[in-house]
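To keep things clear, I will list the structure first and then write my remarks on it.
Because the structure is predicted, anything quoted here is derived from the model rather than measured. A, B, ... follow the sequence lines: proteins, then strands. Residue 1 opens every chain. Every heavy atom of this structure was used, including side-chain atoms; hydrogens, water molecules and symmetry mates were not.
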Amino acid sequence: MEWMKPIASTEIPAGDEWLYEVKYDGFRCKLVWSVTNKITLISKNNHDITKNFPEVIQWCENNYKYFKNKLPLELDGELVILNHRYQANFAQIQNRGRLQNSDRIKKSANLRPATFMVFDLTELKGKKLHQSNLSLRKKYLYQLMQELTENEMIRCVESFTSISNVNEIVYAAKAEGIVAKKKKSTYQKGKQHNDWFKIKNWRLIHGILTAYNPSNGYFTVSVLKNNQPIHIGKCKHGLAKDTSQTVQRLFQDQGDFLDGIYYLPPAITSTIHTLDLYDHELREPEFKQITADIPYTECTLEKLQLDLAQLPHSIEVSNTDKYLWPNNYTKKDLLIYIREISTWMLPFLRQKALTIIRCPDGITEESFFQKNLPDYAPDYLSSTSSQENYIVCNHLKSIVWLANHGSIEYHIPFQRIGHVTPVEIAFDLDPPDREHFNLAVHAANLLKQILDELELVSFVKTSGNKGLQVYIPIREGSMTYDETFLFTEAIAKTLERSYPNDFTTERMKKNRNNRLYIDYVQHGKDKTLIAPYSPRMTKEGTVSTPLYWNEVVEDLDPTFFTIGNVVNRVHEIGCPFANYHDMHEQQDMKKMLRLVRG
DNA sequence: GAGAAAA
DNA sequence: TTTTCTCAACGCTGG
DNA sequence: CCAGCG
């Protein structure tokens with residue numbers, strides 16, 4: 001098996017002769033598909049990893065009809081487990097690769113299916129394409145894949161011609177990097193070419209050198225956690241030879257020698273570039289330079305977390321140590337949460353006039369609503385399609401700017417700017433208190449049954465406080481607010497009638513008598529609801545969290561989901577609202593409209 | 001969190 | 001110079 | 001007309 005490998009580079013080659021791809025963080029892999037319909041996945045070390053990815057093989061067999069005239073065939077790409085379109089989860093694929101037991105593999109494939117991101121075609125109908133140029137190979141590849149829709153298990157890696165476009169995506173998605181490829185290049189073995197370059201998306205961090213091991217040349221890199229140095233990685237390369245020797249000598253002359261390793265108390269600091277911190281260990285660390293001007297006391301775990309977060313350069317953050325949730329989460333935690341969740345949250349804020357709640361001094365201090373953009377705000381937060389002074393949050397830097405200004409809650413209307421009709425219908429299921437959360441679980445499941453019967457695809461999330469909210473995405477312009485009101489009223493009253501002791505549509509609190517309030521009035525023009533993934537002003541730092549319907553069961557605890565664990569949740573089990581946006585167009589609303597319009 | 005107004 | 005103020009919104013209901 | 005509600 002021949003592999004063309006990209007050459008590491010720090011600069012992105014520019015010019016018309018280049019194209020650019022997002023570099024996905026997974027297993028480099030070839031998919032070999034024989035005329036006898038035998039499908040094999042081969043890794044870079046020429047290991048057969050087919051048995052670890054049965055879902056990919058199954059997909060191929062299911063789609064045999066698209067490929068049968070093209071065999072035998074050889075696809076080159078990256079086998080990944082996607083967090084989202086541009087971000088692969090390396091930890092997950094590595095985990096999968098280690099599994100041996102076929103039942104566990106099956107379970108994992110079901111829960112977190114892999115995706116084969118194809119970037120090259122080296123054989124088609126048995127004809128080797130190594131000598132064809134990249135543009136032609138890509139053309140054949142796109143022809144081969146054109147019958148398939150976008151969210152398939154085998155997908156084409158997108159090609160970009162603009163460096164700034166690909167840069168922006170790589171930065172926002174915290175992708176592994178960029179691969180630049182020369183359009184005219186042939187497919188060559190190894191690295192003896194100047195046609196493919198990889199430019200990694202390095203994070204620059206600050207660490208303390210606390211130990212040196214002369215037997216292998218590695219320095220131990222630490223940061224301060226509660227004023228104590230903790231190990232974050234080992235690093236060897238990157239320094240100039242004389243600098244490296246000076247530091248080595250320093251350890252050997254002044255360090256404490258124990259079991260073959262020299263130790264020094266915190267003092268020497270260095271900038272280091274790395275891909276990430278994974279399993280308490282820096283990935284691919286390399287020294288940039290020893291920093292005499294940075295005191296070791298600045299090299300803290302908190303600083304490391306901010307450096308790894310890759311906040312937009314243009315935003316200067318402030319007071320990152322301030323506790324916004326007392327004894328719980330600081331502004332640093334909020335900034336990192338918002339930055340990491342942004343790829344899942346931003347699509348719900350897109351082109352909507354926001355109402356935000358700000359708590360610049362924390363949730364226990366003064367808070368205030370804001371829906372007009374202050375004069376001093378950067379103009380990327382304002383609406384280009386409206387004269388009104390709305391706050392619009394379409395980009396990563398917009399939401400990070402808002403977070404730095406103490407924005408905690410993001411409330412959104414149901415229509416987009418410039419439109420008078422909703423893009424979704426919502427039910428707010430509001431129990432009297434957290435002890436009655438089970439009422440919301442019951443109501444949501446009943447609602448789901450009704451909506452299923454109407455053939456409507458619905459989504460459910462926690463409010464982040466004590467209730468649940470159920471959404472039906474609809475096509476923009478397909479219904480007026482008058483019509484959605486009729487619909488939500490009819491459904492809410494039906495639920496109320498069937499369980500009058502549990503549910504009520506009574507607006508006055510004193511008449512509710514510990515029943516769950518089905519708030520269908522809250523759905524309307526100029527009304528808002530908390531956005532998916534928005535943090536809440538609760539002492540736990542809870543988040544309005546999208547759920548899978550099978551999670552809506554008796555022992556569900558909405559206080560479990562916080563800004564401390566929701567990012568990890570979407571990395572591990574994906575986003576339950578992942579196909580929400582497709583459903584605006586795909587929703588079949590015939591039965592509902594018949595109900596409303598008679 | 002930051003600009004404007006009031007003290 | 002220091003302190004304080006402001007930062008949304010609107011229809012509906014019951015008293 | 002105002003306070004409460006969301």
Side-chain angles (χ1 to χ4, degrees), chain A residues 311 314-325 330-332 334-335 338 349 352-379 381-383 386 388-393 397-415 417 420 425-433 440 443 463-470 481-482 484-485 488-489 492 503-531 534-538 544:
Chain A
L311 300 178
S314 57
I315 295 168
E316 204 168 308
V317 297
S318 58
N319 295 322
T320 50
D321 296 335
K322 185 191 272 185
Y323 274 91
L324 296 182
W325 286 267
T330 61
K331 195 157 108 178
K332 173 212 73 184
L334 175 67
L335 285 164
I338 285 294
L349 306 187
K352 289 203 169 168
L354 300 188
T355 301
I356 54 181
I357 300 181
R358 291 176 55 194
C359 308
D361 293 311
I363 63 158
T364 52
E365 302 301 311
E366 193 171 291
S367 69
F368 55 90
F369 287 79
Q370 193 157 18
K371 66 188 298 184
N372 291 312
L373 193 64
D375 297 336
Y376 55 83
D379 55 4
L381 277 142
S382 61
S383 167
S386 166
E388 304 287 329
N389 196 22
Y390 296 133
I391 304 171
V392 194
C393 193
K397 58 185 174 181
S398 309
I399 198 166
V400 173
W401 189 90
L402 288 174
N404 188 51
H405 282 254
S407 310
I408 306 284
E409 298 198 351
Y410 298 78
H411 296 253
I412 49 175
F414 306 97
Q415 81 280 358
I417 287 172
V420 294
I425 292 171
F427 296 88
D428 191 6
L429 307 174
D430 191 16
D433 49 57
S463 71
N465 199 351
K466 57 188 199 270
L468 289 171
Q469 288 147 357
V470 174
Y481 274 112
D482 287 343
T484 57
F485 182 85
T488 52
E489 184 183 39
F503 310 142
T504 177
T505 57
E506 173 66 62
R507 277 168 56 75
M508 290 305 288
K509 240 178 183 168
K510 61 172 187 178
N511 296 332
R512 288 189 204 153
N513 305 103
N514 268 2
R515 289 176 293 177
L516 172 133
Y517 177 44
I518 306 171
D519 189 351
Y520 66 92
V521 184
Q522 189 57 23
H523 177 75
K525 190 168 170 11
D526 298 327
K527 303 282 205 313
T528 63
L529 214 54
I530 192 74
S534 172
R536 301 305 305 263
M537 293 165 60
T538 56
S544 181

In plain terms, say whether A/K332 and A/D321 are close enough for a salt bridge, that is, a side-chain N and a carboxylate O under 4.0 Å apart.
-> no
Think A/K527 has a side-chain N or O under 4.0 angstrom from the OP1 or OP2 of C/dC12?
-> no
Considering just the side-chain nitrogens and oxygens of A/N372, establish if one lies under 4.0 Å of OP1 or OP2 belonging to C/dA8.
-> yes
What class does the angle between the rings of A/Y481 and A/F414 fall in, given that below 30° is parallel, 30 to 60° is tilted and above 60° is perpendicular?
-> perpendicular
Side chain A/K322, main chain A/P360, donor-acceptor under 3.5 Å = yes
Verify the contact: side-chain N or O of A/K509 to OP1 or OP2 of D/dG6, cut-off strictly under 4.0 Å; return yes or no.
-> yes
Proximity to the side chain of A/Y376 - top-ranked nucleotide from C/dA8, C/dG15, B/dA2 | B/dA2
A/R507 has a side chain; which of C/dG11, D/dG6, C/dA8 sits nearest to it?
-> C/dG11
Closer to the 5' end of DNA chain B via nearest nucleotide, is it A/D375 or A/P360?
-> A/P360
Tell me whether the OP1 or OP2 atom of D/dG6 has a side-chain N or O from A/R512 closer than 4.0 Å.
-> yes
Within 6.0 Å of CG in A/D375, more than 12 heavy atoms from elsewhere = no
Rounded C1' spacing from D/dG4 to C/dA9 in Å | 15 Å
How is A/K525 classified with respect to the nucleic acid when contacts are heavy atoms under 4.0 Å: base, sugar-phosphate, or nothing?
-> nothing
Kindly point out which of D/dG6, C/dG14, C/dC7 is positioned nearest to the side chain of A/Q522?
-> D/dG6
Span that lies between the C1' atom of D/dC5 and that of C/dA8, in whole angstrom = 15 Å
